Colleague: 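There's a structure below that I have some questions on.
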Protein chains: 2
Amino acid sequence: MYPQFRSPCPVASALDLVGDKWSLVVLRTIFAGRHRYNELAGVAEKISTNILADRLARLEGYGLITKRAYQHNPERFEYHLTQRGADFLPVLQQLAIWAREHIPDRWSLPGWFAEGTARQFYPEPGSEGAALNPRAG
Amino acid sequence: MYPQFRSPCPVASALDLVGDKWSLVVLRTIFAGRHRYNELAGVAEKISTNILADRLARLEGYGLITKRAYQHNPERFEYHLTQRGADFLPVLQQLAIWAREHIPDRWSLPGWFAEGTARQFYPEPGSEGAALNPRAG
DNA sequence: AAGGTCACTTGCAATATGAAAGTTGAGAGG
DNA sequence: CCTCTCAACTTTCATATTGCAAGTGACCTT
């Protein structure tokens with residue numbers, strides 16, 4: 001499930017999983033309520049589709065997201081956060097707080113993101129989670 | 001000072017600065033009290049020196065660290081966190097918390113790291129900061 | 001049957017990373 | 001003076017990752 005780690009350092013190990021240019025951007029997009037491939041491919045940052053497919057497969061392999069069919073004929077999939085993936089929310093929140101303080105002219109943080117908790121994004125949107133999910137509201 | 005950003009998203013923008021395999025590992029090492037090139041080059045993760053030199057230059061360019069001579073004849077340098085760099089502590093803390101929860105057999109978090117605040121690592125070790133700095137204690 | 005959409009996959013050029021060796025400036029030892 | 005060492009990079013070159021564009025196949029609509 002996990003790759004070879006550079007060291008047993010927690011910081012370095014977490015980066016062995018998501019320390020690239022796109023993984024956390026993909027996670028952020030799923031937090032934002034975009035669960036389908038074409039929604040994920042349409043982000044403002046213009047991720048190319050080979051990278052997107054690769055990152056989705058990796059994040060699924062690391063247990064951060066799940067892929068499940070939401071219809072058959074044709075079979076279509078949605079990517080959702082696992083608890084492990086949802087627990088990345090504090091990391092993204094702190095990254096965003098840092099950026100808001102130190103890089104000018106960034107987007108402001110929506111309330112569902114700034115005040116959200118990991119639990120609201122797991123297990124499934126629909127019960128408590130849906131209330132703060134931008135696409136369910 | 002800053003590069004071209006992929007988008008105005010704070011998360012994506014922060015990753016445009018440090019979203020690679022090594023930048024945050026270098027920052028972590030400086031938080032851990034290693035300030036000199038050979039100390040930074042000697043980390044457990046075996047960073048190669050060309051990458052280290054490049055990341056130090058980039059982090060300095062982004063204003064996250066400063067390079068200053070600590071002696072002359074021969075001139076030798078130390079790298080220290082700026083406030084901007086010290087403010088990355090919460091990001092590293094959350095990354096480490098995630099890894100401790102979700103990846104087995106990682107190092108435990110030293111108290112100076114887990115309970116530290118950004119302010120303790122800035123402006124200079126020596127007054128309040130030195131108290132929690134692992135190499136000063 | 002023709003055309004369209006979706007979810008990828010492939011090919012290939014451009015860029016980044018990694019390992020190892022080389023360079024520069026200065027002090028130390030003989 | 002000549003070599004040796006050390007710190008702090010720099011260079012070289014092989015490998016790996018990323019990016020762009022085009023292609024593929026399953027299924028659906030007309």
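None of these values were measured; they are calculated from a predicted model.
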Colleague: Tell me, please, which residues at least two apart from A:S7 pass side-chain hydrogen bond (donor to acceptor under 3.5 Å, both in side chains).
Modeller: B:E45
Colleague: Between protein and nucleotides 28-30 of chain C, what N or O pairs are separated by less than 3.5 Å?
Modeller:
none

Colleague: Could you pull out all residues at least two apart from A:R6 that satisfy salt bridge (Lys or Arg N to Asp or Glu O under 4.0 Å)?
Modeller: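 A:R6: salt bridge (Lys or Arg N to Asp or Glu O under 4.0 Å) contacts with A:D16.
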Colleague: What is the nucleic acid contact for B:D54, judged by heavy atoms within less than 4.0 Å: base, sugar-phosphate only, or nothing?
Modeller: nothing
Colleague: Mind telling me whether B:H80 and B:H35 have parallel, tilted or perpendicular rings, with 30° and 60° as the class edges?
Modeller: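 Geometry flag for B:H80 against B:H35: parallel rings.
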Colleague: Heavy-atom contacts under 4.0 Å between residues 17-27 of chain B and DNA chain C, which residues?
Modeller: B:D20, B:K21, B:W22
Colleague: Taking any atom under 4.0 angstrom from a heavy atom of chain A, which nucleotides of DNA chain D are the first and last to qualify, 5' to 3'?
Modeller: D:dT18 to D:dC28
Colleague: For A:N73 and A:K46, take the nucleotide of DNA chain D holding the closest heavy atom to each; which residue's nucleotide lies nearer the 5' end?
Modeller: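 It is A:K46, whose closest nucleotide lies nearer the 5' terminus.
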Colleague: Quick one: pull up CD in B:Q83 and NE2 in A:H102 and give me the separation to the nearest 0.5 Å.
Modeller: 6.5 Å
Colleague: List, one per line, each side-chain donor-acceptor pair under 3.5 Å for residues 52-59 of chain B, sequence neighbours excluded.
Modeller:
{"unit_1": "B:R55", "atom_1": "NE", "unit_2": "B:D20", "atom_2": "OD2", "d": "2.8"}
{"unit_1": "B:R55", "atom_1": "NH2", "unit_2": "B:D20", "atom_2": "OD2", "d": "3.4"}

Colleague: For A:S48, what residues pass the side-chain contact (heavy atoms from CB on, under 4.5 Å) criterion, not counting sequence neighbours?
Modeller: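 Per chain and number, A:S48 pairs via side-chain contact (heavy atoms from CB on, under 4.5 Å) with A:N50, A:I51.
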Colleague: Partners of B:R76 by salt bridge (Lys or Arg N to Asp or Glu O under 4.0 Å), sequence neighbours excluded?
Modeller: none
Colleague: Is the distance between the ring centroids of A:F77 and A:Y70 under 6.0 Å?
Modeller: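 No: the rings miss the under 6.0 Å criterion.
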Colleague: Considering only residues two or more places apart or on different chains, which pairs with a residue in residues 79-96 of chain B satisfy salt bridge (Lys or Arg N to Asp or Glu O under 4.0 Å)?
Modeller: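 Listed by first then second residue: nothing to list.
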Colleague: How far does CG of A:L24 sit from CZ of A:F31, to the nearest 0.5 angstrom?
Modeller: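 Spacing of CG (A:L24) from CZ (A:F31) equals 10.0 Å.
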Colleague: Mind checking what makes side-chain contact (heavy atoms from CB on, under 4.5 Å) contact with A:A96, not counting sequence neighbours?
Modeller: A:L109, A:F113, B:P10, B:V11
Colleague: Specify the separation, in whole Å, of atom CZ of B:R55 and atom C1' of C:dG18.
Modeller: 11 Å
Colleague: Distance alone, cut at 3.5 Å: any donor-acceptor contact between the side chains of B:T29 and B:R34?
Modeller: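 There is no such pair (donor and acceptor under 3.5 Å, judged by atom type) between the side chains of B:T29 and B:R34.
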Colleague: Partners of B:R100 by side-chain hydrogen bond (donor to acceptor under 3.5 Å, both in side chains), sequence neighbours excluded?
Modeller: none
Colleague: For every nucleotide of nucleotides 5-11 of chain C, 5' to 3': is a protein heavy atom under 4.0 Å from its base (B), only from its sugar-phosphate (S), or from neither (-)?
Modeller: -SSBBBB
